[in-house]
Novice: 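Structure in structure tokens, see below.
Heavy atoms only: backbone and side chains are in, while hydrogens, waters and symmetry mates are out.
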Amino acid sequence: MLELCQDIARDKTLAWFEDALAEIRWGSGGKHRKPIRDGLIVAVFRHYESRTAESKALLHDHAVVPIHTRRRDDKGTWGNLSADSPMTHIVAADTVYLLYFMEEVSARLGWAWGRAK
């Protein structure tokens with residue numbers, strides 16, 4: 001069930017990323033920017049352990065987003081995804097994911113969240 005919560009939270013976060021942050025850039029220094037056209041292509045790789053020497057359990061996904069994406073013009077041209085905005089908002093993206101995950105776990109497993117004392 002936690003994997004399902006992970007899947008849903010990840011997909012919602014990627015959709016948020018696509019809608020709120022993903023832009024295509026072109027021109028000298030990427031001075032022209034527009035939202036992407038047909039969504040992002042994302043490859044997701046699931047891991048079940050941390051990379052520590054003890055290799056403890058840690059469910060997490062890696063999402064790889066290629067830099068090339070379609071422009072919003074009607075010509076079907078391609079360009080590069082801007083990395084500025086996503087990198088600037090990486091903490092926000094992590095927070096969005098955690099909130100979606102907590103929401104799913106609460107709804108599906110009935111867990112409540114609180115502060116540690």
Side-chain angles (χ1 to χ4, degrees):
M1 186 60 68
L2 286 177
E3 285 190 71
L4 175 61
C5 295
Q6 163 77 4
D7 292 342
I8 294 168
R10 180 204 57 227
D11 292 347
K12 285 182 174 181
T13 303
L14 287 171
W16 168 83
F17 173 87
E18 196 174 75
D19 292 341
L21 301 177
E23 295 178 309
I24 194 166
R25 65 179 177 84
W26 71 94
S28 178
K31 65 183 174 188
H32 303 290
R33 294 170 188 249
K34 296 261 184 187
I36 59 170
R37 182 175 174 164
D38 295 324
L40 293 172
I41 298 168
V42 181
V44 175
F45 302 92
R46 172 144 300 162
H47 289 169
Y48 294 92
E49 299 174 334
S50 68
R51 285 187 258 171
T52 63
E54 299 88 30
S55 196
K56 297 185 178 187
L58 177 64
L59 175 64
H60 65 284
D61 293 335
H62 296 268
V64 180
V65 180
I67 196 164
H68 235 52
T69 189
R70 286 186 61 194
R71 291 186 182 166
R72 271 203 185 256
D73 59 24
D74 291 328
K75 302 172 193 169
T77 57
W78 290 70
N80 289 333
L81 195 62
S82 172
D84 314 12
S85 187
M87 293 310 293
T88 303
H89 296 90
I90 197 77
V91 173
D94 183 54
T95 303
V96 166
Y97 161 75
L98 288 172
L99 290 172
Y100 281 138
F101 183 73
M102 291 168 67
E103 181 180 83
E104 289 301 319
V105 168
S106 296
R108 294 173 188 283
L109 298 174
W111 292 2
W113 305 91
R115 286 185 143 180
K117 295 182 181 183

Novice: Can you list the residues that meet the side chain to side chain donor-acceptor pair (under 3.5 Å) rule with Trp113, with sequence neighbours excluded?
Specialist: Ser106
Novice: Output every pair passing side chain to side chain donor-acceptor pair (under 3.5 Å) with a member in residues 90-102, not counting sequence neighbours, ordered by first then second residue.
Specialist: Gln6-Tyr97
Novice: For residues Leu58 and Ser50, report the shortest heavy-atom separation together with the two atoms involved.
Specialist: CB-N, 3.8 Å
Novice: Return all side-chain donor-acceptor pairs below 3.5 angstrom for residues 16-24, not counting sequence neighbours, or 'none' if the list is empty.
Specialist:
| from | atom 1 | to | atom 2 | distance (Å) |
| --- | --- | --- | --- | --- |
| Glu18 | OE2 | Leu40 | N | 2.6 |

Novice: Among residues at least two apart in sequence or on other chains, which ones pass side chain to side chain donor-acceptor pair (under 3.5 Å) with Arg25?
Specialist: none
Novice: Just jot down the side-chain contact (heavy atoms from CB on, under 4.5 Å) partners of Ile67, sequence neighbours excluded, or say none.
Specialist: Asn80, Leu81
Novice: Indicate, with yes or no, if Val64 and Val44 share a hydrophobic cluster defined by side-chain heavy-atom contacts under 4.5 Å among Ile, Leu, Val, Met, Phe, Trp and Tyr.
Specialist: no
Novice: Is it the case that more than 12 heavy atoms not belonging to Leu98 sit under 6.0 Å from its CG atom?
Specialist: yes
Novice: Look at the side-chain heavy atoms of Ile, Leu, Val, Met, Phe, Trp and Tyr, link any pair under 4.5 Å apart, and say whether Phe45 and Val42 land in one connected group.
Specialist: no
Novice: I'd like to check the side-chain contact (heavy atoms from CB on, under 4.5 Å) partners of Asp84; sequence neighbours left out, ordered by chain and number.
Specialist: Arg33, Ser82
Novice: Provide the closest heavy-atom pair for Leu14 versus Ala63 in the form atom of the first, atom of the second, distance.
Specialist: CD2-CB, 4.2 Å
Novice: Could you pull out all residues at least two apart from Glu49 that satisfy salt bridge (Lys or Arg N to Asp or Glu O under 4.0 Å)?
Specialist: none
Novice: What residues, two or more places apart in sequence or in another chain, satisfy ring pair (Phe, Tyr, Trp, His ring centres under 6.0 Å) together with His47?
Specialist: His60, His62
Novice: So, using side chain to side chain donor-acceptor pair (under 3.5 Å) as the criterion, who are the partners of Arg108 when residues are at least two apart?
Specialist: Glu104
Novice: Taking ILVMFWY side chains as joined if any heavy atoms are under 4.5 angstrom apart, and letting links pass through other members, which residues group with Ile90?
Specialist: Val91
Novice: If you link I, L, V, M, F, W and Y whenever their side-chain heavy atoms are under 4.5 Å apart, who else ends up in the same group as Leu99?
Specialist: none
Novice: Is any side-chain heavy atom of Leu2 less than 4.5 Å from a side-chain heavy atom of Val105?
Specialist: yes
Novice: To the nearest 0.5 Å, what is the distance between SG on Cys5 and CD on Glu103?
Specialist: 10.5 Å
Novice: Listed by chain and number, what are the salt bridge (Lys or Arg N to Asp or Glu O under 4.0 Å) partners of Glu3, not counting sequence neighbours?
Specialist: Arg46
